Amino acid sequence: MKSIALEHYLHDKIREKIASDAEYGEFIGKRGIEPIIRQDVEAYQFLQLRKALVYAYNKSSFYHAQFDKKGIKPEDFKSLSDLAKFPFAEPMDIAHNSYAFACVSQADIARAVTFTSSGTTGPQKRIFFAEADLERMTDFMAAGMKTVALPGDVVQIMLPSGPPNSQADLLGKGVKKMGGAPILVGTAPTPEQVKAIREFRPKVLFGSTSRVYRLTKEAEVTDDLSDLGVKVLFTTSEYLSPSMRENLKRSWHADVIVHYGLTEMGLGVAVECQSGDGYHFNEADLLLEIVDPETGEVLGLGEEGEMVFTTLNREAMPLIRYRTHDISKLLDKPCDCGATSMKKFAPTTRRKEGVVKTKAGELYPSLLDEAIFKIPNIVDWRAEFVKDGAEEGLRIQVETTTGTEVENKEIRNALLEIEAIRQGLKCGNLKLPEVEILASGSLTRTARAKKLILDNR
Ligand SMILES: [Zn+2]
């Protein structure tokens with residue numbers, strides 16, 4: 001039950017390299033290998049990066065063109081910081097031609113995932129994984145699960161059921177790798193989830209933030225959730241506001257740990273550190289840079305910017321300097337969870353395209369989450385920003401739990417805690433938020449779409 005499970009994964013992967021490749025031994029092992037310190041991690045990452053660059057240059061038409069465009073070759077990279085010389089890859093580049101990224105033949109693609117990352121519109125991206133990629137992904141999922149579970153523990157996986165090697169299936173394999181017992185329940189309605197919890201007694205529930213929250217709000221009307229033996233709620237895909245976290249903890253008497261994942265980066269990326277305020281991430285397989293979203297300049301520790309990842313071990317589809325559009329920062333504080341050689345990044349509260357710019361300031365979903373979910377009877381919300389003549393304002397629908405009364409006024413008051421809304425009203429830039437209360441079950445989501453404030457101006 002320690003955040004350092006991720007560090008063990010990182011160190012094991014480095015030791016594997018040292019044992020199998022003389023170059024690593026020479027580079028890293030000079031001091032006698034143990035203990036592995038930050039300097040060794042970066043030496044390993046540099047060797048992996050150099051290999052990844054040579055591989056992408058030789059195998060992918062997209063990357064070959066990126067090198068040529070800049071007039072550089074893989075051997076021009078002499079340190080990790082040289083990575084800044086390389087051009088970014090955008091989600092749109094993948095949407096335009098995912099095959100140009102591929103480094104293996106179609107026959108060697110074990111799994112292709114097609115998806116749209118922000119909401120239900122926008123171009124679709126196709127991401128390819130080879131067998132070896134999937135193997136490594138489940139290794140990391142096992143390490144992530146070890147941060148919250150022990151061998152023998154039951155883990156209820158509440159992700160959409162899919163074909164072999166779907167996210168749910170891979171996580172199930174990851175759970176088995178760490179000695180746990182996965183129960184795959186899909187996104188079944190709340191009564192079925194509760195029935196499975198009673199039958200299988202999972203210690204961990206894993207699901208999207210909105211699914212876990214809905215389960216909690218719907219089930220607590222009839223059940224005492226603290227009785228069910230669940231010790232950890234492991235949430236993914238969406239931001240978890242402090243108010244939601246408090247409500248979840250109170251209902252289940254359980255710990256709440258957040259996972260940060262991206263399909264492009266191999267699904268699993270980072271797990272919230274148990275000492276709080278940030279995530280340790282998969283530094284064996286990923287490099288993280290924080291860059292200025294406008295200029296692309298690499299930022300230092302503690303500076304907020306866009307997360308840019310580079311894969312270090314990907315076979316089918318390496319991604320070099322891939323822009324996530326998620327905003328975060330690298331934290332410079334040493335961590336008191338026990339990890340000594342890993343970095344940490346701050347919770348991502350917003351995505352670039354998820355920000356609605358109003359005359360009074362920025363609005364984005366996590367601000368609404370924090371304000372709205374302070375009211376305990378709310379299950380979910382849907383919002384749009386609209387223009388009515390000269391007036392702009394927020395229109396929000398909220399779903400409440402069965403048989404509970406929430407006043408429009410209560411929600412409006414909660415929304416006034418958001419700086420942009422309060423200021424907008426004060427200066428006459430925004431009209432009063434329009435609130436509509438919906439019955440239980442109205443906003444049930446089937447897809448994995450991320451929360452969004454629709455900008456309908
Ligand atoms: Zn930590």
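Throughout, residue positions are numbered sequentially from 1 according to the sequence presented. Note that ligands are numbered from 1 as they come in the structure, with each ligand's atoms numbered from 1 the same way. Bear in mind the structure is a predicted one, so any value in this text is a computation, not a measurement. In what follows, every heavy atom counts, from backbone to side chain, and hydrogens, waters and symmetry copies are set aside.
- Between Tyr63 and Phe86, the ring planes lie tilted relative to each other; the angle falls in the 30° to 60° range.
- Counting only protein N, O or S atoms, 4 lie closer than 2.8 Å to the Zn ion (ligand 1).
- Between Glu370 and Lys374 there is a salt bridge, with a side-chain nitrogen of the basic residue lying less than 4.0 Å from a carboxylate oxygen of the acidic one.
- Test Glu90, Glu294, Glu306 against Lys352 for salt bridge (Lys or Arg N to Asp or Glu O under 4.0 Å) and you get one pass: Glu306.
- The pair Asp12-Arg15 meets the salt-bridge criterion, with a side-chain N (NZ, NE, NH1 or NH2) lying under 4.0 Å from an Asp/Glu carboxylate O.
- Here Arg136 pairs with Asp285 in a salt bridge; the nearest charged N to carboxylate O distance falls below 4.0 Å.
- The salt bridge (charged side-chain N to carboxylate O under 4.0 Å, His left out) search around Lys85 returns Asp82, not counting sequence neighbours.
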